[in-house]
Amino acid sequence: MILVIDDSATRSLALRQSLSRLGHGVCCHTRLQQALDKVNPAEVDLVVMALVRDEGNGFDGGMLLREHGFCPVLLVADVDNPTDDIWGKAQGLAGVVSWPLADATLKDMIDGLLQREQGGSQ
Amino acid sequence: MSEGVGGEAGAPGSIGEASSRQTWAGGALQTPLLGLLQQAQRSLDSSATDLSALLARISSVLILLGMAVPAWQGMTPAQIARFLLTLELQLRDDMEDLPPGSAAATMETQSRCCGLMLRQAARHLRLICSDSLGAAHAQLTSRSRQSEHAERAGALARTADAVGRLQLLNALLPAVFDTSIAGGRTSQLGRLAVLLSRRELKGLPATDSTPGRAPVERILGPLLLQLRTCLQAPGAATESHDLLVRDCLNYSKQRQALLQDCLVEEGSRSELSRCFRKELTCGLDRLRAEWRALSARQGLRYLCGWHCAWVSRLTTAALICADVPRHDLLEAWRLLLCWQFERSEPLEQCDLQLFDELCAALAPGAAPGSCATGETGEAGMLELRLAAALCVRQESTGVVSGQVPVSLAQNIRALLTACADIRASQGLPVSCLPGRRLLVELRLLTSGARALGVYRVEALGSALAEVHLMLAGAGDMVLEPDRLELLAAAHSRLCSCLNCAAAHQEVPDCRELIASLYNWLDTGIRELASRSRNAAVRAADRVPEAEQSLVACFQREAVALVEAIDHRIAVLAGPTATAAEIPACPQLLSLLHTLKGSALQFDCAVIADLCHGLEQLLLQSSRQEKSAGSRHASPASAELQGYVSQLRDAMDNFGRCQPVDSGTPVALPADDGHSLPIPAQALTRIAGLAQQLGHGSRAMLDVLSTIEASDNSASGIDLLHDLLGEQERHAVRLQEEIAGSRTVCFDRLSARLQRLAARHANALDRQVWFQVHGGGLRLDRLLLERLVSPLEHLLRNAIDHGIEPVAERRGAGKPDCGSISLRVSGGGHTPQLQIELSDDGRGIGTDISGSGADSEERLQRLFTIGFSTRTRVTAHGGHGLGLAAVRNAIVALEGSIRVSSRPGAGTCFHIALPV
């Protein structure tokens with residue numbers, strides 16, 4: 001299952017549509033704390049979270065998620081800024097991608113991440 | 001595009017150089033270039049007059065392709081013809097190489113074209129705007145001595161440069177164009193160039209299987225070319241502009257179709273647009289409410305990160321729904337807001353109007369899509385106006401990047417691991433903490449943050465660095481859990497601040513945390529001093545000399561001061577004295593003032609209060625005396641004596657809880673003014689040298705006696721010669737060592753001043769950035785010691801009277817953080833030492849300085865006793881004593897001091913001292 005944390009309804013919906021098209025189960029939450037309370041980390045293969053949300057930035061949020069056992073965490077930014085990706089990776093996140101996300105791009109990225117995750121756990 | 005740009009892009013280009021270029025970047029530019037080449041050749045044949053214009057166009061295309069541009073002026077027609085032909089042939093060859101219709105190939109050429117444009121941009125960037133990145137690099141490299149630091153600074157600048165390139169391309173294009181032509185229309189066209197380049201670089205999703213890429217590209221290439229053409233022909237600008245706008249809108253229509261094809265499926269489109277409409281309505285309402293609140297509250301007309309976040313959220317939503325007209329509007333708006341947010345510029349009335357219009361245009365009921373029909377719609381014009389507003393601001397403020405550089409990511413990783421380590425190290429000695437490792441990272445971080453103007457990060461970082469420095473000397477001490485928690489909290493807060501800065505959100509205020517860190521620092525240093533005494537541990541090697549000797553230094557100074565005060569008061573209170581002599585005794589007042597200042601710095605409120613009381617009493621009685629005009633024996637003598645005995649008691653108490661530090665430097669009694677403390681290490685070295693000199697002398701005596709006893713004198717004299725040479729070397733080193741122990745680096749004082757600035761600013765709720773220039777200068781140790789008190793006083797004054805509270809600074813259009821700089825120069829071989837302390841605060845009012853020609857002299861009245869700009873006396877000042885005391889101290893050093901000030905812009909104190 002893929003956990004989507006985003007407080008924008010449109011972005012959330014678009015992600016849900018794309019991920020469903022790619023054959024993943026999706027669970028959407030608007031607030032990070034809500035997700036931490038309700039979702040079991042063991043059931044989540046990947047977290048996709050918005051970088052800039054009302055409640056805080058995605059870097060801090062990603063770290064919190066990792067502390068709670070959610071891994072890997074992919075951030076989605078509104079603005080294409082190469083620094084974000086490097087910054088995110090330096091903090092142990094899976095990376096930062098920016099809108100617009102075409103299905104093909106998303107597929108490649110998620111497949112790569114999940115493969116790496118499985119490879120790492122074996 | 002003229003010689004300036006052409007010459008820069010590639011030196012006097014030779015034909016061979018240009019034609020040897022194997023790669024032809026922008027596929028879209030090939031056809032137009034070919035057309036231009038043919039046209040130029042035709043006009044060359046017919047000797048037409050438009051040749052130079054054509055050549056200029058060709059130059060611009062070549063520049064766009066990142067190729068060398070030949071110096072047309074210096075070439076004969078035959079050479080030009082040959083060049084054009086070679087170029088054309090080369091171009092045709094390359095075009096045939098390109099597999100027609102191959103999506104991958106076009107993709108590649110396009111990305112190459114973008115890359116080239118970027119490289120071009122970077123090159124211009126360095127030339128046109130020597131921006132803050134360059135300055136940051138220079139600052140970092142000049143400070144560093146170790147190669148490691150320099151290397152990192154280089155990496156910092158390089159990465160920041162790479163990040164800046166993308167962002168600055170937009171600012172750059174109009175700058176490039178505007179230099180070539182003047183005229184009203186061109187700036188607007190420049191803005192159009194901004195919009196176009198944004199679309200070109202960012203608009204197209206980078207997937208292989210994108211349908212409809214080719215048509216967009218077909219439009220884009222000629223469009224850019226046309227833009228340049230009309231930029232080069234000022235006369236035609238007016239008509240071309242309208243044409244361009246129409247093409248531009250056509251382009252956005254195409255792009256809409258493209259986005260819809262690749263992003264949104266037919267089935268889900270309606271659902272998404274419904275969702276977007278709902279979000280847009282709700283988002284606009286929230287923004288509007290917040291906006292009204294902002295504009296209603298005076299003085300709070302600054303954006304917060306929240307606004308930018310909301311607008312960028314709406315922008316993305318519009319992009320997802322392929323609502324191109326709304327997206328472009330929102331994007332222009334977002335850029336404007338981000339610009340203002342990053343530079344914390346106040347909102348203006350025109351922004352508010354723009355926002356209202358924007359809301360109307362964006363409202364789900366309105367149809368911004370009408371602009372896509374080919375008409376120059378209102379939304380299109382609004383977008384241009386937004387871009388225009390951004391350009392105007394960018395032009396007025398120059399190019400500054402507030403981006404946190406990438407290499408700081410290393411710091412943040414170090415901080416994260418440190419955070420975990422600290423929490424885990426409960427009950428372990430301090431030496432297990434990752435302090436030493438972190439110190440370097442923190443230093444680097446703070447200097448980077450300072451260079452980029454992220455002052456909140458800088459303040460927290462430097463406070464943390466000080467704490468680690470203190471802990472580094474604490475050896476096997478075990479931290480209490482609450483301190484450990486504070487340390488960990490500070491680290492994670494710093495981490496969070498960095499993240500916010502990276503995500504372009506507002507960096508949270510951490511003043512309380514910084515204050516508690518400084519409190520800890522103060523108590524920590526005292527504890528350390530007492531520990532080092534109790535345990536008789538030779539902590540001297542570990543604790544930095546300056547930190548450790550601070551308290552001891554104060555105590556020594558305070559005891560001497562109290563003695564001097566007592567002495568003077570005894571004279572005053574004596575039978576021969578009158579109260580009228582009190583004001584004639586400025587030394588007493590300045591002594592008291594000095595003691596009060598030092599006591600305040602060490603949080604010794606009792607002593608400070610007593611000094612304050614004494615000052616008040618003396619001034620009061622002097623005033624009474626003046627008004628009465630009569631002589632009578634000092635009325636307050638009993639009271640004065642009472643104060644002094646209380647002062648002595650307070651000193652004793654302070655002494656008991658603050659044992660006199662027995663470590664280095666060796667403290668000689670500082671009463672006669674001729675003694676001077678010398679660090680123990682230097683003394684050891686001097687003693688060693690003296691011993692070697694002694695050995696040498698004995699050896700020479702031995703040799704001499706052997707020579708006298710034997711006949712073989714030649715070898716003995718040689719030996720003597722060697723020994724004498726050795727002796728001389730030792731003597732020279734001894735001299736150097738002694739001279740070196742007399743002088744000391746000014747930076748030893750900087751740390752103390754930095755701490756003072758931070759504490760004082762915190763106490764008065766100001767934001768201050770204090771920096772010392774020329775701290776590497778070596779000064780006489782004695783001179784430096786005597787400079788401490790006046791400099792501290794001036795610094796306190798600058799924070800107290802100069803730097804305004806944040807709200808006032810915002811009102812005056814200054815940055816939140818006030819800056820104070822101390823510049824030390826001269827010394828060494830020049831006869832005078834110059835010290836300049838300047839702030840960017842409110843300056844000294846014209847009521848003091850006047851505005852006429854005599855304002856300079858009137859300003860100098862500040863240094864007379866009893867003269868104050870304040871109407872109210874507080875614990876921090878207002879007596880009119882401080883500056884007089886400062887002048888006395890400087891005059892005692894045979895120096896001079898003067899002040900210059902501009903109301904609203906700041907004050908500067910200049911001190912000149914003989915060396």
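Lettering follows sequence order; numbering is per chain, from 1.
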To the closest 0.5 Å, what do you measure between [atom1] ([X]) and [atom2] ([Y])?
| X | Y | atom1 | atom2 | result |
| --- | --- | --- | --- | --- |
| S8(A) | W310(B) | OG | CH2 | 8.0 Å |
| D78(A) | L330(B) | CG | CG | 11.5 Å |
| L272(B) | L13(A) | CG | CG | 4.5 Å |

Would you please name every residue forming a salt bridge (Lys or Arg N to Asp or Glu O under 4.0 Å) with R16(A), sequence neighbours left out?
none
Charged N to carboxylate O under 4.0 angstrom, R313(B) versus D7(A)?
yes
Test of understanding: with side chain to side chain contact (heavy atoms under 4.5 Å, CB included), list the residues that count as partners of A489(B), not counting sequence neighbours.
none
For chain B, which residues from residues 25-47 of chain A lie under 4.5 Å away (heavy-atom distances)?
none
Sorted by number, residues from residues 56-75 of chain A in contact with chain B (heavy atoms, under 4.5 Å)
G56(A), N57(A), F59(A), D60(A), M63(A)
Applying a strict 4.5 Å limit to non-hydrogen atoms, the region of S496(B) in contact with chain A is both
Which of the residues D6(A), D54(A), V96(A), D108(A) is involved in the greatest number of heavy-atom pairs with chain B at under 4.5 angstrom?
D54(A)
